[in-house]
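Only one structure is covered here, and it is reproduced in the block below.
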Number of protein chains: 2
Amino acid sequence: MSTLENRILQITPLPEDVKKTFLGKWEKWAMPKDQFLVKENETANYIYYIEKGIARIFYYKNGKEITEWIAMDNSFFLSIISFFERTPSRLQIHTIEPSVVYGIHYDNLMNLCNEEHCIERWLRKALTGSLILSQYRMDSIQFESAQQRYEKLLENNPSIIQRVPLSYIASFLGITQETLSRIRSNL
Amino acid sequence: MSTLENRILQITPLPEDVKKTFLGKWEKWAMPKDQFLVKENETANYIYYIEKGIARIFYYKNGKEITEWIAMDNSFFLSIISFFERTPSRLQIHTIEPSVVYGIHYDNLMNLCNEEHCIERWLRKALTGSLILSQYRMDSIQFESAQQRYEKLLENNPSIIQRVPLSYIASFLGITQETLSRIRSNL
DNA sequence: ATTCTTTTTTGATTATTATCAAATGGAAAT
DNA sequence: ATTTCCATTTGATAATAATCAAAAAAGAAT
């Protein structure tokens with residue numbers, strides 16, 4: 001069983017035939033480093049799954065680049081607002097390592113959602129999970145110090161420091177790279 | 001057409017018969033001020049809709065009360081994690097004005113989701129909307145100053161200062177009440 | 001190996017907000 | 001009207017992290 005299939009079924013089980021149809025809609029790409037999956041002002045057409053490698057989601061805020069998310073290790077990611085609202089994406093997504101990425105197109109997903117109740121349910125459950133994650137992250141940003149957030153990140157994802165530049169990690173944590181550097185030297 | 005019906009159909013249209021069944025599952029309560037809808041450590045069983053009045057969602061973090069959300073003006077609210085994961089709620093919800101509140105029970109909603117594809121779709125779309133809101137709020141907390149956040153709140157919801165105590169608003173904005181008081185005097 | 005470029009660290013200063021403490025103001029109760 | 005209670009404001013100080021500038025370290029290219 002592929003890791004994608006595994007992760008999909010973790011969200012909710014699907015009957016054999018629907019599972020096959022659903023899996024068949026996921027396209028697979030091997031991508032070099034620094035390739036863009038979503039560019040600014042283009043409508044995001046895919047929900048992605050990263051099997052190997054790292055993708056970074058970022059955007060510009062007052063002329064500065066903000067890393068919104070770092071996707072690695074068999075996880076889903078997308079430009080949420082653009083994908084669901086069908087509007088030009090403020091977020092950009094690019095690989096920062098050679099990566100193996102799967103994606104399902106908006107039209108295919110929506111068609112399946114209409115045809116198969118259980119795919120609609122799958123998407124509903126996936127969104128519920130995202131929303132819960134989002135709640136936890138909000139709490140963390142609002143009430144934990146930069147140091148606490150860094151320590152938690154290391155706990156949950158130790159390999160990230162070896163594989164992702166400091167500046168991206170700092171931005172993802174919502175601090176400057178200077179502050180992150182100081183946190184590291186104090187530890 | 002009731003305001004609840006209106007808000008429900010704004011999320012996605014529903015066929016007449018399903019709409020009737022769905023609306024029939026929403027219970028209606030007239031509540032005095034300071035009544036609890038969700039208590040700490042109890043599993044949250046309802047998604048709520050507030051037609052009139054104000055409900056406040058809060059929790060304890062390091063012994064301090066944090067206001068997570070203030071619901072007013074025909075909006076939905078719930079203790080997301082507890083409701084969907086069926087776990088004891090860290091969040092508490094209480095009215096801070098006499099209020100008219102509707103609620104749909106978890107079991108009823110899930111049964112309808114299973115029976116009616118379009119209710120599953122409705123919930124999926126509602127969750128998508130929440131997730132998008134959550135993204136905007138995260139950005140605001142992370143990158144806007146306390147003053148900017150307060151000004152935005154006033155713009156979007158001018159009546160909130162008259163109706164909600166300063167301490168709740170401050171906490172909702174992620175600042176202390178002293179800071180909010182100073183922001184107000186500087187304006 | 002040496003140069004060039006990028007990333008990370010260190011230093012000094014400033015801005016923002018929290019914390020602790022006390023004073024003021026306003027509403028309700030007697 | 002006076003007391004009591006709670007909410008809000010003001011003041012002084014401390015903590016956290018940002019900003020600006022420069023140095024050091026690490027990688028890549030020749």
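Chain A is the first sequence line, chain B the second, and so forth, proteins listed ahead of strands; every chain is numbered from 1.
Rounded to a whole Å, the OH atom of A:Tyr168 is 14 Å from the C1' atom of C:dT8. In this structure, the CD1 atom of B:Ile96 is 12 Å from the P atom of D:dA7, given to the nearest Å. Rounding to whole angstrom units, CD of residue B:Gln142 and P of C:dT16 are separated by 18 Å. The distance from atom CD of A:Gln162 to atom C1' of D:dG27 is 17 Å, rounded to the nearest whole Å. Atom OH of B:Tyr150 is separated from atom P of C:dT16 by 19 Å (rounded to the nearest Å). Per the geometry, CD belonging to B:Glu65 stands 15 Å off C1' belonging to D:dC6, to the nearest Å.
Between B:Glu16 and B:Lys19 there is a salt bridge, with a side-chain nitrogen of the basic residue lying less than 4.0 Å from a carboxylate oxygen of the acidic one. Look at B:Glu65 and B:Arg56 and you find a salt bridge, because one of the NZ, NE, NH1 or NH2 atoms lies within 4.0 Å of a carboxylate O, short of that distance. One finds no salt bridge joining B:Glu97 and B:Lys33 here, because no Lys/Arg side-chain nitrogen approaches an Asp/Glu carboxylate oxygen to under 4.0 Å.
Residue pairs that meet the side chain to side chain donor-acceptor pair (under 3.5 Å) test with at least one member in residues 69-85 of chain A, sequence neighbours left out, are A:Tyr49-A:Asn74, A:Ser79-A:Ser89.
Scanning all heavy atoms of the two residues, the minimum distance from A:Asn41 to A:Pro88 falls at O-CB, 3.4 Å. Residues B:Ile47 and B:Trp26 come closest through the heavy atom pair O-CZ3, 3.5 Å. The shortest heavy-atom contact between B:Leu9 and B:Leu14 is CD2-N, 3.9 Å. Taking both residues in full, the closest heavy atoms of B:Leu91 and B:Val38 are given as O-CG1, 3.7 Å, listed atom of the first, atom of the second, then distance.
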Sort me out a list of protein N/O and nucleotides 13-15 of chain C N/O pairs below 3.5 Å, or just none if empty.
none

Please tabulate, one pair per line, each protein N/O and nucleotide N/O from nucleotides 4-7 of chain C that are separated by under 3.5 Å, including the distance.
none

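Close to D:dT9, at under 4.0 Å from its OP1 or OP2, lies a side-chain N or O of B:Arg184.
Checking side-chain atoms of B:His117 against main-chain N and O of A:Cys113 turns up a donor-acceptor pair under 3.5 Å.
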Expected list for residues 135-142 of chain A: side-chain donor-acceptor pairs under 3.5 angstrom, two or more places apart:
{"from": "A:Arg137", "atom 1": "NH1", "to": "A:Glu68", "atom 2": "O", "distance (Å)": "3.0"}
{"from": "A:Arg137", "atom 1": "NH2", "to": "A:Glu68", "atom 2": "O", "distance (Å)": "3.4"}
{"from": "A:Arg137", "atom 1": "NH2", "to": "A:Phe172", "atom 2": "O", "distance (Å)": "3.2"}
{"from": "A:Asp139", "atom 1": "OD1", "to": "B:Tyr59", "atom 2": "OH", "distance (Å)": "2.1"}
{"from": "A:Asp139", "atom 1": "OD2", "to": "B:Lys61", "atom 2": "NZ", "distance (Å)": "2.7"}
{"from": "A:Ser140", "atom 1": "OG", "to": "A:Glu144", "atom 2": "OE1", "distance (Å)": "3.2"}

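For an aromatic pair to be called close, the ring centres must be under 6.0 Å apart, and A:Phe83 with A:Tyr106 satisfies this. Here the two rings, on B:Tyr46 and B:Trp29, have centers that are under 6.0 Å apart.
End-to-end axis angle of the helix from C:dA1-D:dT30 to C:dT30-D:dA1, from C1' rotation axes over five pairs per end: 30° (rounded to 10 degrees).
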With B for base contact, S for sugar-phosphate-only contact and - for none (protein heavy atoms under 4.0 Å), nucleotides 13-24 of chain D reads ----SSBBB---
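Considering A:Ile96, A:Asn157, A:Thr67 as possible partners of A:Val164, the one that fulfils the side-chain contact (heavy atoms from CB on, under 4.5 Å) test is A:Ile96.
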